[in-house]
2 protein chains.
Amino acid sequence: MRWTKGGGHGSRGYHHGNLKEALIRAALELIAEKGPAGFTFADAARWAGVSPAAPYRHFRDRDELLSDVALRGFEEFERRLTKAWDEGRPAPFAAFERLGKAYLAFAREEPAFYSAMFEAGIPLDASAELRAAGDRAFGVVRMAAEALLALLPAANRPPALMVALHIWSMSHGIASLFGRENAQRKLPMSAEDLLEAEVLIYLRGLGVPGI
Amino acid sequence: MRWTKGGGHGSRGYHHGNLKEALIRAALELIAEKGPAGFTFADAARWAGVSPAAPYRHFRDRDELLSDVALRGFEEFERRLTKAWDEGRPAPFAAFERLGKAYLAFAREEPAFYSAMFEAGIPLDASAELRAAGDRAFGVVRMAAEALLALLPAANRPPALMVALHIWSMSHGIASLFGRENAQRKLPMSAEDLLEAEVLIYLRGLGVPGI
DNA sequence: GGCGCGATGTTAAGAACATTTACATGCGCT
DNA sequence: AGCGCATGTAAATGTTCTTAACATCGCGCC
């Protein structure tokens with residue numbers, strides 16, 4: 001019946017055809033509904049329409065499923081950050097602002113991915129793949145930091161790694177405190193504006209020209 | 001037998017004497033060991049030496065227990081931040097640095113509290129008490145921000161609330177990404193140094209004199 | 001002093017979940 | 001055609017969640 005490609009979905013036979021993908025989608029649905037702790041292996045199986053034992057053919061346990069979700073999350077995250085950065089066009093500073101907005105947009109639009117990536121307690125080195133994907137995503141921010149620092153005179157140019165970590169921490173702090181529905185606190189401004197102002201002040205502190 | 005005060009602990013009769021406190025301590029132990037998702041109501045009961053049904057006399061469900069833990073966490077957090085700030089002595093800037101270090105120290109020394117407060121998915125308005133405690137803790141940062149901004153000429157003085165939110169987001173970002181054992185990433189410097197540098201650059205961007 | 005009541009714990013029981021084992025199915029390859 | 005491996009099911013076991021019925025204790029009141 002070829003589920004893998006083709007889109008149609010009807011009754012199925014003994015075999016599902018693409019259970020692994022279906023389980024990952026189920027996890028995303030369920031995490032989005034009730035948080036990373038709010039879904040069980042059995043839930044995912046039910047959602048996919050298979051028996052409670054079926055998931056064990058694809059994942060050792062719930063954590064491995066979550067880890068796989070996190071992996072795909074980092075990959076999508078990297079795609080979005082890369083697209084937002086767009087190699088620094090038309091100017092590093094404008095691209096940098098897009099990067100921050102993309103970070104927040106990802107947290108808001110893909111809360112299930114974000115939860116699995118940062119809040120589910122999955123250690124980043126659960127697998128080499130996961131760490132590599134996380135590193136690639138961070139690499140985008142680091143590259144952006146380098147491009148921005150190139151605008152500074154070499155004399156007072158701080159380490160790009162440090163600046164990237166700073167930017168990441170600001171974005172992550174705002175996203176996890178104020179970025180989503182279950183935000184911790186009402187704000188007098190949008191999370192986007194709050195982050196933009198924060199980054200702006202920070203860059204002024206670095207002495208980036210034109211700010 | 002007076003458990004409530006007295007410290008001694010021996011065999012107990014039918015009643016525990018102070019089960020609610022014991023359950024909260026149990027939750028802290030277990031969260032510290034295995035993360036906020038890594039303990040069950042039954043675990044806590046076992047740890048306290050009572051039957052699995054006993055906790056229901058004190059908490060509606062697991063979330064109410066976690067919420068109580070978070071409440072105490074915010075209270076302790078506020079105490080520590082207040083002590084670190086020490087009314088801005090000897091100078092606002094030095095006190096501000098202590099505040100940041102106290103934030104990270106709390107996340108590192110009380111990971112169970114920190115998890116319950118920020119990562120367990122307990123909404124801040126689970127109870128009015130919880131929100132109030134959270135607001136009081138944030139109030140310390142806000143007060144510190146106001147004191148710092150007083151050093152600026154009134155003309156270019158940004159809103160204290162915004163600055164406090166910025167500081168909070170930096171601290172929280174660093175604490176949750178790099179602050180603890182299960183940190184997401186190896187760092188070329190300590191989390192404390194990373195945060196101090198970040199705040200310094202930010203304050204320079206604000207134009208705080210003497211930085 | 002004894003009675004009774006409310007608070008606090010226990011036992012017991014049913015449902016849901018996790019996890020393993022033995023079994024069933026069917027796709028793909030020769 | 002038929003063999004073999006991957007994939008799914010069924011059933012069984014142990015754990016947890018949650019409620020309901022019962023037990024015990026502390027404490028106020030007469």
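All values below come from the heavy atoms of this structure, side chains included, with hydrogens, waters and symmetry mates left out. First the proteins, then the strands, lettered A, B, ... as listed; each starts at 1.
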Looking at [Y] and [X], is any side-chain nitrogen of the basic one under 4.0 Å from a carboxylate oxygen of the acidic one?
X        : Y        : result
B:Arg180 : B:Glu119 : yes
A:Glu75  : A:Arg79  : no
B:Glu109 : B:Arg80  : yes
B:Arg72  : B:Glu76  : no

N/O (side chain, A:Thr40) to phosphate O (OP1/OP2, C:dA16) under 4.0 Å:
no

Quick test of your reading: applying side chain to side chain donor-acceptor pair (under 3.5 Å), list the pairs with at least one residue in residues 31-42 of chain B, sequence neighbours left out, ordered by first then second residue.
B:Thr40-B:Asp43

Does B:Glu129 CD have over 12 foreign heavy atoms under 6.0 Å away?
no

With the side chain counted from C-beta on, respond yes when A:Leu23 and A:Phe41 share a heavy-atom pair under 4.5 Å apart, and no when they do not.
no

Separation of C:dA18 C1' from A:Phe39 CZ (nearest whole Å):
13 Å

Separation of D:dG8 P from A:Phe41 CZ (nearest whole Å)
13 Å

So ring pair (Phe, Tyr, Trp, His ring centres under 6.0 Å) across residues 62-87 of chain B, not counting sequence neighbours, yields B:Phe74-B:Phe118, B:Phe77-B:Tyr103, B:Phe77-B:Phe106

Report all interatomic pairs (protein N or O, nucleotide N or O of nucleotides 13-15 of chain D) with separations under 3.5 Å.
none

Does anything in residues 92-105 of chain A form a salt bridge (charged side-chain N to carboxylate O under 4.0 Å, His left out)? List the pairs, not counting sequence neighbours.
A:Lys101-A:Glu196

Would you verify whether the NZ or CZ of A:Arg62 falls within 45 degrees of the ring axis of A:Phe39 while also being under 6.0 Å from that six-membered ring's centre?
yes

Does anything in residues 20-29 of chain A come within less than 4.0 Å of DNA chain C? Heavy atoms only, and list the residues if so.
none

For DNA chain C, what residues of residues 54-66 of chain B have any heavy atom nearer than 4.0 Å?
B:Ala54, B:Arg57, B:His58

With a 4.0 Å cut-off on heavy atoms, is B:Ala53 in touch with a base, just the backbone sugar-phosphate, or nothing at all?
base

